[in-house]
Amino acid sequence: MIETALLISIGTIFVLLILSGFFSGSETALTATSRARMHTLERDGSKRAGIVNTLIETRERLIGAILLGNNLVNILASAIATSVFLELFGEAGVVYATLVMTALVLVFAEVLPKTYAITNPDRMALFVAPVIRVVVYAFAPVTATVQFIVRRTLRIVGANVDDSAEVLSAHEELRGAIDLHHKEGGVDTDDRLMLGGILDLRDLEVAEVMIHRKNMQTLCLDDGPQKIVDQVLASPYTRIPLWQDDPDNIIGVLHAKDLLRALAARTGDASGLDIKDLASEAWFVPETTPLVEQLNAFRQRKSHFALVVDEYGSLMGLVTLEDIIEEIVGDITDEHDVEVKGLRPQPDGSFNVDGTLAVRDLNRALDWDLPEEEAITIAGLVIHEAQTIPEVGQTFSFYGFKFQVLRRHRNQITALKIIPPRKSQAAE
């Protein structure tokens with residue numbers, strides 16, 4: 001009779017250990033599973049995925065129920081094991097029960113199920129979801145009481161327990177996931193830059209991607225029709241701003257196709273062309289416009305070209321639909337584009353760059369991580385960090401890079417030499 005009771009107790013202990021492992025693995029699987037994957041499966045008709053999503057939405061109640069069940073079975077298993085070992089070994093049985101149960105719980109009820117769950121979170125989450133849902137409902141009154149006590153205690157010590165509080169925004173979470181998969185080799189550099197470019201559209205302003213007025217090609221109405229036609233034919237651009245009297249007085253934008261149609265109608269005679277009448281109305285946008293808003297505005301107006309002004313209405317530059325798309329897919333060139341040699345690798349591993357080269361373009365081209373918040377161009381970044389306008393030959397060290405001023409025109413840095421961190425350390 002005693003042996004039968006002993007065998008039943010031992011069997012009960014092993015059953016409780018299996019339940020403990022089930023709860024431990026379920027906790028790990030349900031907290032580590034991919035919410036995006038579960039959402040996709042639910043959309044495709046998976047009922048189990050729908051249960052997983054429902055459980056995850058009430059994560060605090062889920063964790064409370066699992067921990068309650070896990071602690072119940074562990075404590076019960078330890079109590080039964082203690083009684084068994086006391087019967088077998090007397091008072092020394094307490095020590096033996098502690099050692100044996102610690103080893104069994106650690107290996108078979110914690111490490112083993114959690115290791116499996118962390119390597120197969122989606123599969124295990126789908127498997128355990130129906131059972132865990134029953135457990136959550138069964139323990140709901142107890143877990144609600146526990147949640148109340150926990151929240152009140154945390155509020156006393158000043159902790160934030162608001163369900164709506166998030167450490168990361170959705171965009172930051174996506175960016176982190178992209179960077180993580182890139183680091184692990186699942187996403188290549190080009191894809192990472194494209195996906196990151198889409199997320200960056202909300203953070204970038206038109207001023208950061210526009211073509212500065214110093215680099216704009218414009219047409220003067222006073223030059224006469226024939227000269228304007230020659231300039232348009234020689235230009236790589238199809239839309240060119242048209243000004244009169246003052247370069248800041250933009251009176252319209254001349255499209256090459258409109259000009260060619262007018263020429264064809266006059267059998268190539270440009271002398272009688274009314275250039276001002278051919279130009280379309282100029283569209284001005286503030287330099288602080290977020291890129292995502294400007295992209296939407298381009299789509300709504302069915303326009304690809306806008307002039308950028310500052311808060312005083314002064315002309316700052318121009319922005320095109322292509323400029324915004326290039327922030328996502330990288331440089332887009334065609335047979336008419338003029339190649340700008342803003343980046344020149346050197347045999348010693350350094351780089352000579354134009355001062356007007358955008359920091360963002362430099363980061364994308366060389367996979368660097370120079371800050372893009374302080375300045376738009378690399379020359380602007382050096383001036384910002386140096387807190388002065390450097391002289392030719394001066395060298396500065398920022399963010400692990402070395403910057404040497406090669407050329408300067410008046411107060412503008414026109415060329416720089418950049419030594420990356422590894423080369424910089426080797427030189428020292």
Check whether the side chains of [X] and [Y] place a donor and an acceptor atom closer than 3.5 Å, and report yes or no.
X: Thr395; Y: Gln404; value: no
X: Asp354; Y: Thr356; value: no
X: Gln217; Y: Ser235; value: yes
X: Asn70; Y: Glu27; value: no

Please confirm whether the backbone N or O of [Y] pairs with a side-chain atom of [X], one donor and one acceptor, at under 3.5 Å?
X: Arg48; Y: Phe127; value: yes
X: Arg407; Y: Thr414; value: no
X: Gln387; Y: His384; value: yes
X: Asp258; Y: Leu254; value: no
X: Arg408; Y: Arg410; value: yes
X: Asp310; Y: Gly313; value: yes
X: Thr289; Y: Pro286; value: yes
X: Thr58; Y: Arg61; value: no

Query - Pair Asn120-Tyr116, side chain to side chain contact (heavy atoms under 4.5 Å, CB included): steps then yes or no - result: CA-CA 6 Å; Asn120 303 276; Tyr116 177 81; 3.4 Å; yes
Query - side-chain hydrogen bond (donor to acceptor under 3.5 Å, both in side chains) between Thr288 and Glu205, worked out - result: CA-CA 5 Å; Thr288 56; Glu205 296 180 346; 5.5 Å; no
**Report entry** Beyond-backbone contact of Lys417 with Asp348, side-chain heavy atoms, under 4.5 angstrom
**Finding:**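 Of all side-chain heavy-atom pairs linking Asp348 with Lys417, at least one is under 4.5 Å.
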Query - Side-chain heavy-atom pair Asp203, Leu291 within 4.5 angstrom cut-off - result: no
Query raised in the report: Yes or no on ring-ring contact (aromatic ring centres under 6.0 Å, His included) for Trp368 and Tyr399, after CA distance, side-chain angles and deciding distance?
Result: CA-CA 11 Å; Trp368 288 353; Tyr399 312 107; over 10 Å; no
Query raised in the report: Does the pair Phe89 and Tyr96 meet the rule for a ring-ring contact (aromatic ring centres under 6.0 Å, His included), with working shown?
Result: CA-CA 8 Å; Phe89 302 103; Tyr96 296 148; 5.1 Å; yes
Report task. Output yes when Glu208 and Arg360 qualify as a salt bridge under the 4.0 Å nitrogen-oxygen rule, no when they do not. Result ->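 Salt bridge between Glu208 and Arg360, a charged N being under 4.0 Å from a carboxylate O: no.
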Query raised in the report: Is it true that Glu42 and Lys47 make a salt bridge, defined as a side-chain N closer than 4.0 Å to a carboxylate O?
Result: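 Salt bridge absent between Glu42 and Lys47.
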